Amino acid sequence: MKNEIDFRLILDAYEKIHEHGEAKQGQHVLDGITAFTDHDGYTVFLEGHGVKLRLEFHNKYHLDYDNGTQLDKFIRALKNISEGYETPGRERG
């Protein structure tokens, strides 16, 4: 099964988790999703619902999960965060 995830969704969800989530030891948590970056900020990590996602430079990503149900819940959570939270300074279209 090939996983196609829109990197813009990943980055938008990351930004909103970082802005609206609870800060915990260098990470931010929002609606069951944890978001953080590596030391230089080039790699973004999102984790939740049994899924670990790593978005690397040039929009390459790696997913680690056990089953499709976990991935479905994870993607649904990212979409809910992306659609459900405002980004300061941006108006919805």
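It should be emphasised that the depicted structure is a prediction, and the values quoted were computed from it without experimental measurement.
- To the nearest 0.5 Å, atoms CD (Glu47) and CZ (Arg54) are separated by 11.0 Å.
- Shortest non-hydrogen contact noted between Asp66 and Gln70 is N-OE1, 2.7 Å.
- Atom NE2 of residue His18 and atom CD of residue Gln27 lie 11.0 Å apart, to the nearest 0.5 angstrom.
- The OG atom of Ser82 sits 3.5 Å away from atom CG of Asp12, with the distance rounded to the nearest 0.5 Å.
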Name each donor-acceptor pair under 3.5 Å that joins a side chain in residues 33-42 to protein atoms two or more places apart or in another chain, with its distance.
residue : atom : partner : partner atom : Å
Asp38   : OD1  : Gly41   : N            : 2.9
Asp38   : OD1  : Tyr42   : N            : 3.1
Asp38   : OD1  : Thr43   : N            : 3.2
Asp38   : OD2  : Thr43   : OG1          : 3.3
Asp40   : OD1  : Tyr42   : N            : 3.0

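- In the hydrophobic clustering of ILVMFWY residues, with side-chain heavy atoms under 4.5 Å counting as a link, Leu46 and Tyr65 come out together.
- Contact detail for Leu78 and Leu9: the closest heavy-atom pair is O-CD1, 3.8 Å.
- The aromatic ring centres of His20 and Tyr85 sit less than 6.0 Å apart.
- You'll find the side chain of Asn59 stays beyond 4.5 Å of the side chain of Ile10, heavy atoms only.
- Linking ILVMFWY residues whenever their side-chain heavy atoms come closer than 4.5 Å, directly or via other members, leaves Phe7 and Phe45 in distinct clusters.
- A salt bridge does not link Arg76 to Asp72: none of the charged side-chain nitrogens sits closer than 4.0 Å to a carboxylate oxygen.
- Under a hydrophobic-cluster definition in which Ile, Leu, Val, Met, Phe, Trp and Tyr are linked whenever side-chain heavy atoms come within less than 4.5 Å, directly or via other members, Val29 and Leu55 are assigned to different clusters.
- One distance of note links CG of Leu63 with NZ of Lys52; it measures 12.5 Å at 0.5 Å rounding.
- With Leu71 as the fixed residue, the side chain to side chain contact (heavy atoms under 4.5 Å, CB included) test singles out one of Ile75, Asn67, Thr69: Ile75.
- Between the NZ atom in Lys60 and the NE2 atom in His62 there is a gap of 13.0 Å [rounded to 0.5 Å].
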